[in-house]
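The chains referred to below are lettered A, B, ... by the order of the sequence lines, with proteins before strands, and numbering in each begins at 1.
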Amino acid sequence: SAVISQKPSRDICQRGTSLTIQCQVDSQVTMMFWYRQQPGQSLTLIATANQGSEATYESGFVIDKFPISRPNLTFSTLTVSNMSPEDSSIYLCSVLRGANTEAFFGQGTRLTVV
Amino acid sequence: KQEVTQIPAALSVPEGENLVLNCSFTDSAIYNLQWFRQDPGKGLTSLLLIQSSQREQTSGRLNASLDKSSGRSTLYIAASQPGDSATYLCAVKGYGGATNKLIFGTGTLLAVQP
């Protein structure tokens, strides 16, 4: 298994501001993944964070809105910029572990934008 | 494009009942399939991982099966308990170097009544 510490666990933010979410993994991983789960919806991948290179964003997500840092092999941050109420979601980081590439997730960050 | 569907969307059962959750996917070229549990507002907990070459996996009261050719997986929960109440998500992982993301189903919200 993997121990993934994500913070903050929840936050209420004013529109127009930015929030940075942190994800710390208990051992080194090549890729870290950031997902969004909108209310009542399933999870959608935002981007893949690689150490030493730019993050790879999925269709519909852009770096200006969701800048990602990956300073080392155990840590990543996702920033939600210039927030609007539509950004209210649960944001989750994830890693793949082992030869079977089992996915593990952090506890999630529940964001409410008012 | 891979699409994953889960039926039913919601299920309510009395305590002690055995139940089956269903997951369907449109593209049978999967690397693995994983079942998760999500408590309200929280992250995901991995329950079972089935490789594409496997037919089933078991953990305690849980048994997951995979029929890749028909694009189906089932999660069987024996002797359900109120603590099993949660949303259950299935996700498939495809092949390919850049295709490390998981495609998630829509989820089944399970309520086990005491």
Side-chain angles (χ1 to χ4, degrees), chain A residues 1-12 21 23 25 29-50 53 55-61 88-112, chain B residues 1-10 21-25 30-54 56-57 59 62 64 66 86-109:
Chain A
S1 66
V3 176
I4 304 173
S5 175
Q6 187 176 337
K7 58 182 181 181
S9 59
R10 59 172 57 212
D11 208 341
I12 301 174
I21 302 167
C23 184
V25 188
V29 291
T30 305
M31 290 180 285
M32 296 178 72
F33 305 88
W34 288 98
Y35 287 83
R36 180 177 74 180
Q37 186 178 30
Q38 296 178 297
Q41 306 288 317
S42 194
L43 280 75
T44 301
L45 182 66
I46 297 171
T48 302
N50 305 294
S53 65
T56 303
Y57 288 82
E58 297 296 308
S59 175
F61 297 96
S88 297
S89 298
I90 298 174
Y91 293 85
L92 302 107
C93 66
S94 173
V95 302
L96 299 177
R97 271 284 168 82
N100 293 327
T101 60
E102 185 172 2
F104 294 94
F105 284 79
Q107 309 95 314
T109 296
R110 188 168 198 167
L111 170 63
T112 303
Chain B
K1 177 186 172 186
Q2 179 73 271
E3 293 183 0
V4 182
T5 305
Q6 291 183 245
I7 295 173
L21 307 181
N22 298 291
C23 173
S24 300
F25 47 95
I30 64 169
Y31 185 78
N32 62 38
L33 183 146
Q34 198 166 351
W35 283 92
F36 296 91
R37 168 191 173 131
Q38 184 178 31
D39 292 297
K42 302 295 185 181
L44 276 63
T45 300
S46 177
L47 297 174
L48 288 165
L49 172 72
I50 309 179
Q51 296 301 312
S52 62
S53 59
Q54 297 175 320
E56 66 178 327
Q57 283 286 335
S59 176
L62 305 179
L66 175 64
T87 296
Y88 290 80
L89 295 159
C90 67
V92 299
K93 181 180 180 302
Y95 285 94
T99 311
N100 284 297
K101 67 180 180 182
L102 299 179
I103 306 298
F104 280 84
T106 45
T108 294
L109 177 61

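- No part of A/Q6 comes within reach of chain B, as not one of its non-hydrogen atoms sits under 4.5 angstrom from that chain.
- Applying the side chain to side chain contact (heavy atoms under 4.5 Å, CB included) test to B/Q54 and every residue at least two apart in sequence or in another chain returns B/I50, B/Q51, B/Q57.
- B/L89 touches chain A through its side chain: at least one heavy atom from C-beta onward sits under 4.5 Å away, while N, CA, C and O do not.
- Of the inter-residue distances, the one linking A/Q107 atom CD with B/T45 atom OG1 reads 9.5 Å to the nearest 0.5 angstrom.
- Side-chain N or O atoms of B/Y31 include none that pairs as donor or acceptor with a backbone N or O of A/T101 at under 3.5 Å.
- In this structure, the side chains of A/Y35 and B/L102 come closer than 4.5 Å at one or more pairs of heavy atoms.
- The CD atom of A/Q37 lies 7.0 Å from the CG atom of B/L44; values are rounded to the nearest 0.5 Å.
- Residue B/F104 comes nearest to A/S42 through the heavy atom pair CB-OG, 3.2 Å, listed as atom of the first residue, atom of the second, then distance.
- Residue contact with chain B, scored on non-hydrogen atoms closer than 4.5 Å, involves the backbone and the side chain of A/L43 alike.
- Looking at every heavy atom in both residues, A/E102 comes nearest to B/S46 through OE2-OG, 2.7 Å.
- Contact annotation for B/Q6: neither backbone nor side-chain heavy atoms come within less than 4.5 Å of a heavy atom of chain A.
- Contact annotation for A/Q41: neither backbone nor side-chain heavy atoms come within less than 4.5 Å of a heavy atom of chain B.
- Here the shortest heavy-atom pairing between B/K42 and A/L92 reads O-CD2, 4.4 Å.
- Atom CG of A/L96 sits about 8.5 Å away from atom CD of B/Q34, to the nearest 0.5 Å.
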